[in-house]
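Here you go, one structure.
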Amino acid sequence: MIETNLAQTVKATNDSGSEYDTNVKYLLSDKQILSRILKYAVDEFQEMDIEDILGCIGDDIEIGARPVDAGLSNLGRVRGTATEDNIPGEGIIYYDIRFTAYLKEKEMKILINIEAQKSTDSGKLGYHLENRIVFYLARMISAQKQTEFFHSDFDNLKKVRSIWICMDSEETEDSIEEICFDRKTVYGNKRNSYHTDLMKGIIVNIRGEADSSPGKAIKKSQNVLIAMLEELVSRKDASEKKRILEDEYGMTMTAELERRIQIMCNWSESIEERSIRRERLNAIERMIKINITKEQILSMGYTEAEYKKAESALYANA
C-alpha cells in the first residue's frame, strides 16, 4: 500500500500538534473545501459556480474515487492512492493532497497539488519555501512523461498548480501570491502569443490566532478564500465553526466533514489545555528557583499536585 504524507505524519509521532495538523489536511481535502480553493485561487475556475467546480472534481480524477466511508456523499473527501511522485534517479516526493480537475468545456485537464504549510520561516525550514514550490512544480511536470505524454509530444503536457496554504502570516499579511513563468522580449520585436502558464505556484497566506494579541480577535479578511480558511482552522468550537461554514459559505455538513471539524476542535482544545498546564508548572518552577516557599505558592492558587510535579521536574533536570 502506498503511504501518503498524511499516513507518514500520523505514524511518525503521537504529538497532539501533529495530529491537529493532520486533521487540517484532511479537512482541506474535502471536496467542498477544494472547490472553493479552486474558485478563489486558480484563474481557470474563477468564473465558475461552486456546484460546477464540484463536478470537475469527480470520480474520474487521477487520485480520487467514490467515497467509501459510511455517511459520505459525492461531497466527501478526495481519497487518493497516488499522492507520490517516484521518478527513477530523482527520489520520492510525498504530497499532502494531489488530484486532477477537469474543465470539460475547454477540454482541459489540470493537475493540482495542495500543501498545508505551518511555517514559512526560512530560519526554521532551512530553505526558502519558494524554492521548494518551484521544485514541486518541476516534479509535477517531469512526472507527466510516459503518463500524460510520450516521446517528444510535449504539447500534451498538462497544466500544474501547486497551492500552498501557509498558516503563519502576521495580522496584516493575509494575501495570495503567484509564482509563475513570465515571458518577455529582451531584444527585438518578435512576438509570440503561445501561453507559458503550464506551471504556477499559488501561496495563500492565512493568519494564525496564536499570533494575535491576547483578547484581540483578528479582523476578518476581505478575501473570501482566506476568511473561509481562517474559520476552518480557527480555535472556535465545532458547533460555531459548522454554523459559520454553513451560513456564510454555503457548505453542506456531511458526516465526514462534521467528524473532521469535531476532531480538530477537540485537538485544539487539548493543545490549549496542555499549554496552560505547562505554563503553570513553569511558573511554579521559576518561583521555587527564587526560594518562594511552598505555602506561598499554594496560596496563589496552585495545587499540591502541580507543586509536586514541578518540583520533581526541576530536581530531575538539576
Side-chain angles (χ1 to χ4, degrees), residues 5-6 9 17-43 45-46 50 53 77-78 95-98 112-125 128-130 132-133 136 161-179 200-214 216-238 240-251 257 260-261 263-265 267-269 271-272:
N5 186 51
L6 298 179
T9 303
S18 295
E19 294 281 4
Y20 179 84
D21 293 343
T22 298
N23 278 289
V24 168
K25 293 170 187 176
Y26 270 87
L27 270 174
L28 290 175
S29 69
D30 186 277
K31 288 185 180 180
Q32 295 186 82
I33 306 298
L34 292 179
S35 64
R36 286 156 176 83
I37 292 174
L38 293 181
K39 179 173 178 63
Y40 297 109
V42 181
D43 291 341
F45 297 91
Q46 287 182 358
I50 292 295
I53 298 174
R77 172 168 54 92
V78 171
Y95 299 95
D96 284 351
I97 304 165
R98 189 173 70 166
I112 297 172
N113 155 236
I114 296 179
E115 298 289 322
Q117 185 69 22
K118 192 171 183 180
S119 175
T120 60
D121 186 341
S122 60
K124 293 179 181 179
L125 295 174
H128 288 87
L129 184 64
E130 293 82 356
R132 183 179 174 189
I133 294 172
Y136 272 47
R161 301 291 182 260
S162 188
I163 306 168
W164 294 68
I165 312 297
C166 298
M167 306 181 187
D168 63 343
S169 295
E170 299 294 333
E171 185 174 350
T172 60
E173 293 180 342
D174 52 322
S175 57
I176 298 178
E177 307 169 86
E178 291 185 349
I179 299 174
K200 185 177 289 186
I202 300 161
I203 305 172
V204 182
N205 297 300
I206 68 175
R207 304 158 300 173
E209 286 186 334
D211 296 328
S212 60
S213 302
K216 179 185 176 184
I218 293 177
K219 185 178 179 181
K220 184 175 180 179
S221 176
Q222 296 300 301
N223 180 273
V224 175
L225 176 59
I226 293 174
M228 183 270 288
L229 290 172
E230 289 182 346
E231 291 289 359
L232 193 69
V233 301
S234 71
R235 296 183 182 181
K236 293 175 181 176
D237 63 60
E240 175 66 5
K241 190 176 295 188
K242 287 186 286 186
R243 183 195 66 76
I244 292 172
L245 293 176
E246 284 182 311
D247 295 350
E248 297 186 21
Y249 301 99
M251 295 189 195
L257 185 54
R260 283 293 167 187
I261 289 173
I263 291 173
M264 194 176 71
C265 288
W267 277 113
S268 181
E269 291 170 5
I271 292 169
E272 191 168 357

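Atoms considered below: every heavy atom in the structure, side chains included; atoms not considered: hydrogens, waters and symmetry mates. Count residues from 1 along the sequence.
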Measure the CD1-OG distance between Ile206 and Ser169 for me, rounded to the nearest 0.5 Å.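 These two atoms lie 8.0 Å from each other.
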
Is any side-chain heavy atom of Arg161 closer than 4.5 Å to a side-chain heavy atom of Lys200?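 Touching, per the 4.5 Å side-chain cut-off.
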
Just how far is it from atom NZ of Lys39 to atom CG of Leu34, taken to the nearest 0.5 Å?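 Separation between the atoms: 15.5 Å.
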
For the student: nearest non-hydrogen atoms of Leu125 and Ser119, plus distance: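 Minimum heavy-atom separation between Leu125 and Ser119: CD1-O, 3.6 Å.
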
Kindly compute the distance separating CD1 (Ile176) from CD1 (Ile163), expressed to the nearest 0.5 Å.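 That separation rounds to 9.5 Å.
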
Side chains of Glu248 and Lys220: does their closest heavy-atom pair fall under 4.5 Å?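 A side-chain contact exists here, since the closest heavy-atom pair is under 4.5 Å.
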
Tell me whether Glu171 contacts the main-chain N or O of Arg207 through its side chain, where contact means a donor paired with an acceptor under 3.5 Å.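 Pair absent, no side-chain N/O of Glu171 close to backbone of Arg207.
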
I need the Ile202 CD1 to Ile165 CD1 distance, nearest 0.5 Å.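 Rounded to the nearest 0.5 Å, the CD1-CD1 separation comes out at 9.0 Å.
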
Student check: side-chain heavy atoms of Asp174 and Gln222 closer than 4.5 Å: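 They are not in side-chain contact.
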
What's the shortest heavy-atom distance between Ser35 and Ile50, and which atoms?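 Minimum heavy-atom separation between Ser35 and Ile50: OG-CG2, 3.6 Å.
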
Roughly how far, to the nearest 0.5 Å, is CD of Glu240 from CG of Leu245?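 Output value for this atom pair is 10.0 Å.
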
Looking only at atom types and distance, does a side-chain atom of Arg36 sit under 3.5 Å from a main-chain N or O of Met228, one as donor and one as acceptor?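 Not a single qualifying donor-acceptor pair exists.
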
Mind listing the closest non-hydrogen atom pair of Ile226 and Ser175 along with its distance?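 Heavy atoms of Ile226 and Ser175 come nearest at CD1-N, 3.4 Å.
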
Atom of Glu230, atom of Ser221 and distance for their closest heavy-atom approach: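 Looks like OE1-CB, 4.2 Å.
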
Side chains of Gln117 and Ile133: does their closest heavy-atom pair fall under 4.5 Å?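 A side-chain contact is absent here, since even the closest heavy-atom pair is not under 4.5 Å.
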
Quick check: does any side chain N or O of Lys241 sit under 3.5 Å from a backbone N or O of Leu232, one acting as donor and the other as acceptor?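 Present.
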
Quick check for you: to the nearest 0.5 Å, what is the distance between Ser29 atom OG and Ile97 atom CD1?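 So the gap between those two atoms works out to 5.0 Å.
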
Keeping Asn205 on the side-chain end and Glu173 on the backbone end, is there a donor-acceptor pair under 3.5 Å?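 Pair absent, no side-chain N/O of Asn205 close to backbone of Glu173.
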
Flag side-chain contact, heavy atom, 4.5 Å: Met251 against Asp30: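 Side chain of Met251 against side chain of Asp30, heavy atoms only: no contact under 4.5 Å found.
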
Determine whether Leu28 and Leu229 make a side-chain contact, defined as any pair of heavy atoms from C-beta on separated by less than 4.5 Å.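 Sidechains of Leu229 and Leu28: in contact.
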
Determine yes or no for a side-chain-to-main-chain donor-acceptor pair under 3.5 angstrom, with Glu115 supplying the side chain and Asp96 the backbone.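 Side chain of Glu115 to backbone of Asp96, a donor-acceptor pair under 3.5 Å: yes, one is there.
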
Under 4.5 Å between any side-chain heavy atoms of Val224 and Tyr249, yes or no?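 Yes, close enough: below the 4.5 Å cut-off.
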
